[in-house]
Amino acid sequence: GPTPAAFAIVSFSSAGVTITESGIAAIAPDSAIRMYTEIAGSVSGAVAIANPSDSPAEVRFEVGSSAARMTLPAHGHFAGFLSQLPGLSAPAGSAGFLRVSTASPGGIAAVSVLVQTNERGDSLITGVPTFSSKSVPLSGTMFPQIVEGGGYSVQLIIFDATAGNPMAVTLRSSGQSGQPFDLRLQP
């Protein structure tokens, strides 16, 4: 039958109080996967990679001009912060795209999260979408909800998921009534 769509809800509780919770989508294995990441102040990018193959897979990680490699055993996985990848040196204060790739015929599956430490020392997590080399950009992509104000803020990250090339983007915003409203963006 068809492959089901799937996601995980990851939560952390301490003393019976939920501190953080995030949804992370499952991804089909592919030879190359891209994801947004940050290493800035209290925010650290983390990644989980799985090898679905019956043989080891050499995995390459690239962010900016820095690269690292590791070999995942058959059906093995790695989960950790970018700073834990030997040879990968993304400078603090940086944000960009991590490319994870392999020549293994079975491909790899990868997910990404951002972990932020708040003022109380709690680790807050958010799942970051991953994009495979097979991703086809959709026309008319939408953010169905954007929250700004009242203690909430939003960061829109818009990029070419297949090649990372510059692209033209038109943003339109409307309220619940369908009438346009002024969405103030800062570059």
Is there a path of hydrophobic side-chain contacts, each under 4.5 Å between heavy atoms, that joins [X] and [Y]?
X: Ile33; Y: Val59; answer: yes
X: Phe12; Y: Leu124; answer: yes
X: Leu72; Y: Leu98; answer: yes
X: Phe131; Y: Tyr36; answer: yes
X: Val115; Y: Val63; answer: no

Calculate, to the nearest 0.5 Å, the distance between atoms [atom1] and [atom2] belonging to [X] and [Y] respectively.
X: Ile9; Y: Ser22; atom1: CD1; atom2: OG; answer: 9.0 Å
X: Leu85; Y: Arg69; atom1: CG; atom2: CZ; answer: 13.0 Å
X: Ser11; Y: Ile19; atom1: OG; atom2: CD1; answer: 10.5 Å
X: Glu38; Y: Leu82; atom1: CD; atom2: CG; answer: 11.0 Å

Under 4.5 Å between any side-chain heavy atoms of [X] and [Y], yes or no?
X: Gln116; Y: Ser44; answer: no
X: Pro73; Y: Pro56; answer: no
X: Phe81; Y: Val47; answer: no
X: Ile108; Y: Asp30; answer: no
X: Asp122; Y: Thr20; answer: no
X: Phe61; Y: Ile49; answer: yes
X: Met35; Y: Val100; answer: yes
X: Val128; Y: Val113; answer: no

Can you name the closest pair of heavy atoms from [X] and [Y] and give their distance?
X: Gly106; Y: Pro52; result: O-CG, 3.5 Å
X: Ala50; Y: His77; result: CA-CB, 4.0 Å
X: Gly87; Y: Ser66; result: O-OG, 3.5 Å
X: Ser13; Y: Thr18; result: OG-OG1, 3.4 Å
X: Ala68; Y: Pro86; result: CB-O, 3.2 Å

Sidechain N-carboxylate O distance under 4.0 Å for Glu58, Arg60: no

(request) With Arg34 as the cation and Phe97 as the aromatic partner, state whether NZ or CZ is under 6.0 Å from the six-membered ring centre and within 45° of the axis. (result)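 Relative to the ring axis of Phe97, which defines the angle, Arg34 lies inside both limits.
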
Query raised in the report: Does a donor on one side chain and an acceptor on the other come within less than 3.5 Å for Asn51 and His75?
Result: no

> Does any N or O in the side chain of Thr130 come within less than 3.5 Å of the main-chain N or O of Val111, such that one atom is a donor and the other an acceptor?
Replying inline: no

